[in-house]
Amino acid sequence: MEFFENRGHKIVPSSSLVPENDSSVLFVTAGMHPLVPYLMGENHPLGKRIANIQKCVRTGDIDDVGDSTHNTFFEMLGNWSFGDYFKNESIQWSWEFLTDKKWLGINPEKIKVTVFKGDNDAPRDDESIEVWKKCFQKSGISFEIYDKEKNNNENARIFPLPKEDNWWGPAGETGPCGPDTEIFIDLGRSINFEKCPKGDDCKPGCNCGRYVEIWNNVFMEYNKTSDRKYVPLKQKNVDTGMGMERTLATLNGFNNVYETDLLAPIIAEVEKLSGKKCSESKNIKKSMRIIADHIRTSVFMISDGVVPSNLDRGYILRRLLRRAIRHGNLLKMPNGFLLPLAETVVDIYKEFYPELLENKDRILEEIKKEEEKFERTLEKGLKELEKMVKIKEEKENKFPYAEKTRPDFGSKSDDYINYISGKDAFNLYQTYGFPPELIREELAKYAMSYHKGEFDTELKKHQQISRTAAAGKFKGGLADASEETKKLHTAAHLLLESLRRILGDHIYQKGSNITADRLRFDFSHPEKLTDEEKQKVEDLVNEQIQKNLPVNFEEMKLEDAKKIGAMGVFDAKYGEQVKVYSIGNFSKEICAGPHINHTGELGIFKIQKEKSSSAGVRRIKAVLE
Ligand code: SER
C-alpha cells in the first residue's frame, strides 16, 4: 500500500465479503467488485487513483483446495486507475514493485508474463508487450516472445495467449472489458517435469503447479455492445489484482501457501489436535489443508454476518464447515475441534481486521452450533453411504470392494466405473446433510460417483440451493447497472428514510440486494411490521416519488457526512472521503451510486413481503410498478 501511496494512490479499506447492491454474486470475489460504480464512470470521492486490500471468497475452485495455491478465501491487493494512468505506468510499477530490492525484490529471471494475442474483436496487445520489453531491458534480462512454431516456451518470457486466458469481463452480455496481462512466478522445470500432462508444452497458464499467477493487470479499454461489437471506451481503467497468499509464499521461497504465516499456525493447531504430521502422507496433508482453508473462510464469512443455512450464502458456509468437519473426522480429531482453530484464525488476523475480535463470540457460537448439528448425522450418513456402495457393488457383482485397490483419496480420476443413483445421493444430502462435494469425495474412495442428472432433478424439486451456482466464477462480472436497478436503488434510499420516519431511528440498513426486477432490503427492527405500518411506509415513499425530487450527490469527508446526518450502512467501513447522495430534503445517504436523476422516474413503489431475516433484522421485498 505504501508503494502505491507514494505514487498518488489513496488507500481504501476492504469492503464486507457480502456485496452491497449487487445480486450477481453471493460474495465479493475480487478487489474490483466494490469499485464497480467507479469503473463504470462514477467519480470516486478520493480521486482517480485507489489502492486496496480486499477480502475475497471464491468457491468455484472448491475441489482444487488442498493443492498448493487454491484457497476459498484470499486477500486481493489492487491498484486502480479510473481514467487516469494506463498500461505504461501500470506495468512499470508492477515490475518495480515486484523486482526492486527496496520492495519485494523477487528475482526477475523467475518472472514470466502473458498478454492478449489478438483476434477478430481486438488486436494483439502490442502496447503491453512494448512496456514489458522496456522493463526487461532495464533489468538486463533476456526476453523472447513465445512462438508456437519455434517451440520456445522454455526461453520465452512474454506469452501472447487467446481470450480464454487474457481477456477480462464482462460477465454479462455487455459492458466494459479489455485485455489483461498476467504475471507468473516460474517455480522451475523440476517442479513438474515428470508429471505435467502437457509435457514440453507447459507454459504460464498451465495448471500443473509450475507457474503461479500472482498478479493480474486488467486494462479496461472496450465496451462490449449488445450487437457484440467492441467499442473503445472513453474512460480507460486499470484494475489489478494480486494474490496476497501466493505472493507471500513466493517471497518466502515456499511452493505452497500453507506454509506462510497466514495459514501455517492453523495447520500447526490441526497437527497438535490430531497428533498427526502434515507431512505423514498425501491424504493427511490434503485433509489438513482443506480444514485450514475452510475454517479460515468460515470465520471471515460469519464475521461479515453470514450464518449457516440451506440457502445461498448460508449454504456455502454450511458446506465449508461440514467438509472441514468430515476431514477432521478422517484425521480422528476430537469433537469440537473447529473452535480452537477458529480462535487461531482470529489471532492471526485480529490486528488488520479488528472486526474478527469484536465478533469473536458470535463466530464461535455459530461454529459450535453447526458442529453439534452435523456431528449427530455424519456417522449415520457415512454408514448409509457405505450400505449404498455395497448394495451397488454386490448387484453389479463387480468389485468386492474390500479387495479393490482404491484410487488415491480425493483423486479426480475420470474413470469412475460405478455410480450410485441420484436419488440415493440426494437422500444423503437431504437426510444427513451431506454437501455434494462431500458425497463426491466419499464415493471417490470406492472409485464411484453418483448420477448427477438425477441428483439435480431431485434438488430442483426441493428448490433449495437455487443460487449457489452464482457463487462460482466471477470473471470480471460488472454488476448490472441497468435503468431498472438504478431506479430500485434510489427507491431503497427512500425506503430507508421512510422506515426511520415511521418506525424510529433505531433503524439502520443491514444489507440490500437489487436486481432489475425487485429490491430486497434488510434493516434492524425487533418485530414484524403491522399492515398499517407497511401501508404508511409505502405511502411515504410514493409521496416522495410524486414530488419528483432531484437526486444529487456531493463529495465530502466522512466526518462531515456524519455531521450533516447522512445515513450509512450500519457497521460498514468507509474511506475518509465519501459521496453523499441526497434526495430533495428527504434523505441523505453515504453511497457510491449510481442513481436516477429525479424520483418522478420511479413509478409506483410497492412492498411485496416483509419477514424476518435473522435475529433483530427484518427483510422487505419491494418492486416498482
Ligand atoms: N479483476 C481482476 C481479477 O480478479 C483484477 O483485479 O483478477
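Throughout, residue positions are numbered sequentially from 1 according to the sequence presented. Each ligand, and each atom within it, is numbered from 1 in the order the structure gives. The shown structure was predicted, so the numbers you read here are calculated from the model rather than taken from an experiment. Note: hydrogens, waters and symmetry copies are ignored here, and every other heavy atom, side chains too, is used.
- Side chain to side chain, Trp132 and Thr181 meet the donor-acceptor criterion of an N or O pair below 3.5 Å.
- Between Met76 and ligand 1 there is a heavy-atom distance shorter than 4.0 Å.
- Under the 4.0 Å criterion applied to side-chain N and carboxylate O atoms, Lys87 and Asp125 are assigned as salt-bridge partners.
- The ligand atoms of ligand 1 that sit less than 4.0 angstrom from a heavy atom of Ala30 are 4 (O).
- Heavy-atom proximity to atom 5 (C) of ligand 1, evaluated over Val238, Asp239, Asn79, is greatest for Asp239.
- Near Gly241, meaning under 4.0 Å from one of its heavy atoms, ligand 1 places the atoms 5 (C), 6 (O).
- With sequence neighbours excluded, no residue forms a side-chain hydrogen bond (donor to acceptor under 3.5 Å, both in side chains) with Asn207.
- Cation-pi contact between Arg313 and Tyr315: absent, since separation from the ring centre below 6.0 Å together with deviation from the ring axis within 45° is not met.
- Proximity to Val218 (heavy-atom distance under 4.0 Å) selects the following atoms of ligand 1: 2 (C), 5 (C).
- Using modelled atom types, one finds a donor on one side chain and an acceptor on the other under 3.5 Å when comparing Thr240 with Asn79.
- At a 4.0 Å heavy-atom cut-off, ligand 1 does not touch Asp180 at all.
- Residues satisfying the salt bridge (Lys or Arg N to Asp or Glu O under 4.0 Å) criterion with Arg246, sequence neighbours excluded, are absent altogether.
- In Arg58, the part holding a heavy atom less than 4.0 Å from any atom of ligand 1 is the side chain.
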